[in-house]
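Before any comments, here is the structure.
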Amino acid sequence: MMIETGTREILTESRDGTLLVRIHRPDRKNALTLAMYSGLSAALAEATRNPAIRVVVITGSGDSFSSGNDIADFLSSPPSGDQSPVFQFLAALRQFEKPLIAAVNGVAVGIGVTLLLHCDLVYVRAGATLQLPFVNLGLCPEAGSSLLLPRLIGYPRAAEWLLLGEPFSAEQALEWGLINALGADAERTLDLALAKARRLAGLPAMAVQWTKGLLKRAETEAVRETIAVESRHFIELLRSPEAAAALQAFAHRRRPGG
Ligand code: COA
């Protein structure tokens with residue numbers, strides 16, 4: 001069974017109680033456009049509605065998981081408020097009640113990393129690189145990461161990743177407690193995630209869902225409020241000359257004559 005996401009760049013496949021959602025824009029390292037955020041939200045909405053779907057696994061196509069927000073989109077159609085597809089997706093993500101598992105098959109940047117903070121189990125390909133380069137781009141953290149990351153890995157480490165914005169390895173992410181385990185390669189990473197999904201799908205649904213709810217309960221309101229504050233700062237920073245210059249520099253870096 002497939003779910004209509006409205007874009008061929010978000011593919012879905014459902015089997016044995018698991019909905020596999022694949023970010024499929026490999027020539028752009030799976031950078032996320034407005035239509036793709038809407039497609040991801042549609043997939044989560046269908047997974048919520050359909051009782052046959054017990055678990056969602058998210059992965060990427062090709063050699064990357066996601067290079068984050070599409071930089072051309074940041075320049076041409078930046079998010080402007082709650083109704084923007086990226087913020088709609090973040091709301092759907094933080095409110096999603098069924099287990100969500102990430103199979104990070106390759107490089108993950110920006111929201112490609114912060115969305116992992118909303119997953120229940122995270123598996124990453126050994127040797128993959130991750131990065132939170134918000135400050136480098138003149139931007140600030142999003143998706144609740146300014147709250148969730150220091151809570152998860154401790155302030156000094158979160159400050160290192162979010163303030164310096166340097167790439168870090170899957171191995172360091174494991175050591176610092178961001179992720180559950182490494183897969184030897186992309187295929188085995190997905191296999192690992194799907195095996196956990198099958199196991200979760202076979203457990204009593206209400207017990208699983210309520211356990212997730214209880215694990216998240218204490219931080220639900222704080223995450224909602226943090227995302228709202230981050231989003232306001234993010235929108236404002238996107239309009240700054242520093243962000244415009246950094247985004248333009250990336251957008252034009254390899255264009256002939258650019
Ligand atoms: N938005 C738009 N296009 C992107 C993109 C993004 N976030 N990330 C990669 N691309 C494009 C590149 O411009 C390139 O296009 P080209 O073939 O026309 O030159 C193509 O995808 C392949 O990327 P490339 O940079 O050549 O691959 P790489 O393996 O050398 O590096 C990344 C991969 C992800 C490390 C690098 O592309 C990168 O840093 N991307 C930007 C990530 C980012 O800052 N995201 C926003 C965070 S808020």
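Counting starts at 1 for both ligands and their atoms, following the listed order.
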Please tabulate, for side-chain N and O atoms in residues 127-144, each donor-acceptor pair with protein atoms closer than 3.5 Å (sequence neighbours left out).
| unit_1 | atom_1 | unit_2 | atom_2 | d |
| --- | --- | --- | --- | --- |
| Gln131 | NE2 | Gly165 | O | 2.8 |
| Asn136 | ND2 | Gly165 | O | 3.4 |
| Glu142 | OE1 | Thr114 | OG1 | 2.7 |

Who's closest to [atom] heavy-atom-wise, of [options]?
atom                    : options                : answer
atom 44 (O) of ligand 1 : Leu247, Leu137, Leu130 : Leu137
atom 7 (N) of ligand 1  : Asn69, Asp70, Leu32    : Asn69
atom 43 (C) of ligand 1 : Ser67, Gly110, Ala243  : Ser67

| query | Hey, is Asp73 touching ligand 1 through its side chain, its backbone, both or neither, going by heavy atoms under 4.0 Å? | reply | neither
| query | How about Ser38 and Thr7: do any of their side-chain heavy atoms sit closer than 4.5 Å? | reply | no
| request: Could you tell me whether the side chain of Met36 reaches within less than 4.5 Å of the side chain of Ile23, counting heavy atoms only? | output: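 The answer is yes; the side chains approach within 4.5 Å.
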| What pairs meet the side-chain hydrogen bond (donor to acceptor under 3.5 Å, both in side chains) rule with one or both residues in residues 228-240, with sequence neighbours excluded? |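 Only Ser146-Glu230 qualify under side-chain hydrogen bond (donor to acceptor under 3.5 Å, both in side chains).
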| field | Close N or O approach (Pro133, ligand 1; < 3.5 Å) | value | no
| task | Decide whether an N or O pair under 3.5 Å exists between Gln131 and ligand 1. | result | no
| Neighbour count above 12 (heavy atom, 6.0 Å) for Glu97 CD | no
| said: Can you tell me if Arg253 contacts ligand 1 (heavy atom of the residue under 4.0 Å from the ligand)? | reply: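 For ligand 1, residue contact (heavy atoms, under 4.0 Å) with Arg253 is present.
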| task | Say whether, by atom type as modelled, one donor and one acceptor occur between the side chain of Arg125 and the main chain of Ala170 under 3.5 angstrom. | result | no
| Which ligand 1 atoms does Phe134 reach within 4.0 Å, using its non-hydrogen atoms? |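 Per the distance check, 48 (S).
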